[in-house]
There are 2 protein chains.
Amino acid sequence: MPEEIPVPPWRRPKKAPPRMPLTQDRIVDTALGILDAEGLDALSMRRLAQELKTGHASLYAHVGNRDELLDLVFDLVLTEVEIPQPEPGRWAEQVKEMCRSLRRVFLAHRDLARIAIDRVPLGPNGILGMERTLNLLRSGGLRDELAAYGGDLLSTFVTAEALEQSSRHSGTEQSEEQAGMFADQLHGYLKSLPPTQFPNLVHLAGPITSLDSDRRFELGLEIIIAGLVAAGAGDDADDREPGIRTAGSTLPGS
Amino acid sequence: MPEEIPVPPWRRPKKAPPRMPLTQDRIVDTALGILDAEGLDALSMRRLAQELKTGHASLYAHVGNRDELLDLVFDLVLTEVEIPQPEPGRWAEQVKEMCRSLRRVFLAHRDLARIAIDRVPLGPNGILGMERTLNLLRSGGLRDELAAYGGDLLSTFVTAEALEQSSRHSGTEQSEEQAGMFADQLHGYLKSLPPTQFPNLVHLAGPITSLDSDRRFELGLEIIIAGLVAAGAGDDADDREPGIRTAGSTLPGS
DNA sequence: CCATGAAACGACCACCGTTCTATAGTGGAA
DNA sequence: TTCCACTATAGAACGGTGGTCGTTTCATGG
């Protein structure tokens, strides 16, 4: 937060009015600051007004309501995600890069995933992001339907994964340590289950709990993109390549 | 599973007129009834206590806090999802069936997806579901890591998709009509964007808005499963175990 | 028949988002 | 320069929320 404590009263009347007018931008910026520092639950209209040194009722002249404020915060933050310009032949890796960038943004702003999870990004930056995402996917040769849905699926995946990661070490405490503790506890619990009743959980206790967030993310990314490629290549109508269908997945249409 | 899907919460408390003691089961049942009838936001401790004809403070003798109550409600509802026993060669279709069943459960209980999205299902029914899901995935020959993460990915996908669908027609109003209205509005908006700046959005306005929830779901399912197959087939894998243990089929009692 | 201990309750606490209304402060017109 | 209209502001109030605490109720065991 910018500190403006040393007030120069001699310059007051002319240049900078000590009364910094309440602005939507200022409100949204400050809201993002509180979000980063204290989390979503702390981001109340009252707390926000206090930060802006005003009354909480004044905010409603600029933002409508809290939900709309969160819309604005979300859209503001979407500025930070980098979407590469398509390069032929590299689209899959570029999609991954975009998803990684989106994930970085999610992890950089506390509780942002909680805000995003039930929100359709229709703000200006969200729309722009969608446009560029679709551009990337279509450059990969995906059918229209697959490109349209693929963008949704990928962003949902990134959001959900970020939500999971951030909710794991949910408290205000250190992240890594707490996540490790939780994984260890869970591992012990799974191992302690009756093996006759839960053979798979006991057997997979290791893989289930040892996957750190980064590995989970890369794995999921790989799965979804491979699925997009396979679906785009093998699906009905205008198949451009002979089916990639692997054994056991003789999918009987719909 | 006992058929009590149309939960009549209003009659429940009257079952035993003289004095029905407050019980965790009764609380959770009633909570589920309120959830179905009025949604998550209406499910406050006070509203719940009122339904049970008691004071809200009394609930805390049985459930700890609201979040724990939601854990219990979630786990209770998990009873309803059907997970098939593995049949050789049909695993992919069976995984789909399981996901569809899970989705049906989500859509049958208002706002359940909102409860599930940031919750790890570690209750007894959740654990059981994980076990049987892993059983199914491993029967498909997936590597341990892929099976372990695939279960997570699939359940996250189902939850997120249900959340999206239920949040689209969010209000208390009719579902289909409102969803259609929204799609039409969005379609018009996308079509009205400047084509030079948003060529892909304009071009894909149709596919983006015409995908109904069922199609979205089936498409996503297909993508993820194809991705799992592709990732499992393409990666170097030596750990393919011949033995497939099925819990419950040969259980020697407990 | 009474004592006891757990269950239930009512009063509180510290908040929340939102609306209403009175006012303070400003830009522009006279 | 004066004054007016207008709007941004903020205080009070409303109807909620989850959670805690000290007290009361009451069925049951002695």
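The chains referred to below are lettered A, B, ... by the order of the sequence lines, with proteins before strands, and numbering in each begins at 1.
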Give the rounded distance in Å between these two atoms: [atom1] of [X] and [atom2] of [N].
X: A:Leu59; N: C:dC16; atom1: CG; atom2: P; answer: 12 Å
X: A:Tyr60; N: D:dG11; atom1: OH; atom2: P; answer: 16 Å
X: B:Gln50; N: D:dT17; atom1: CD; atom2: C1'; answer: 15 Å
X: A:Ile27; N: D:dA8; atom1: CD1; atom2: C1'; answer: 11 Å
X: A:Arg66; N: C:dG17; atom1: CZ; atom2: P; answer: 5 Å
X: B:Leu22; N: D:dC26; atom1: CG; atom2: P; answer: 15 Å
X: B:Leu52; N: C:dA8; atom1: CG; atom2: C1'; answer: 13 Å
X: B:Arg26; N: C:dA7; atom1: CZ; atom2: P; answer: 14 Å

*Examine the base of D:dG19 for any acceptor or donor lying under 3.5 Å from a partner atom in the side chain of B:His56, and report the outcome as yes or no.*
yes

*B:Arg46 (side chain) and D:dG16 (base): donor-acceptor pair under 3.5 Å*: no

_Salt-bridge criterion met for A:Arg100 and A:Asp214 (N-O under 4.0 Å)_ = no

_Distance-only side-chain donor-acceptor flag, A:Gln165 / A:Arg216, under 3.5 Å_ =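 Their side chains do not contain a donor-acceptor pair, so the 3.5 Å distance test is not met.
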
Which part of the nucleic acid does [X] contact within heavy-atom distance under 4.0 Å: base, sugar-phosphate only, or nothing?
X: A:Ser58; result: base
X: A:His62; result: sugar-phosphate
X: B:Ala57; result: base

*Quick check, are the ring centers of A:Phe157 and A:Phe217 under 6.0 angstrom apart?*
yes

Check: [X] side chain, [Y] main-chain N or O, donor-acceptor pair, under 3.5 Å:
X: B:Asp75; Y: B:Gly126; result: yes
X: A:Arg110; Y: A:Ala37; result: yes
X: B:Thr209; Y: B:Leu186; result: no

*Would you say the side chain of A:Ile115 lies within less than 4.5 Å of the side chain of A:Val77, judging by non-hydrogen atoms?*
no

*Using heavy atoms and a sub-4.0 Å distance, could you list which residues of residues 68-77 of chain B are near DNA chain D? By number, please.*
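Output list: empty, so none.
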
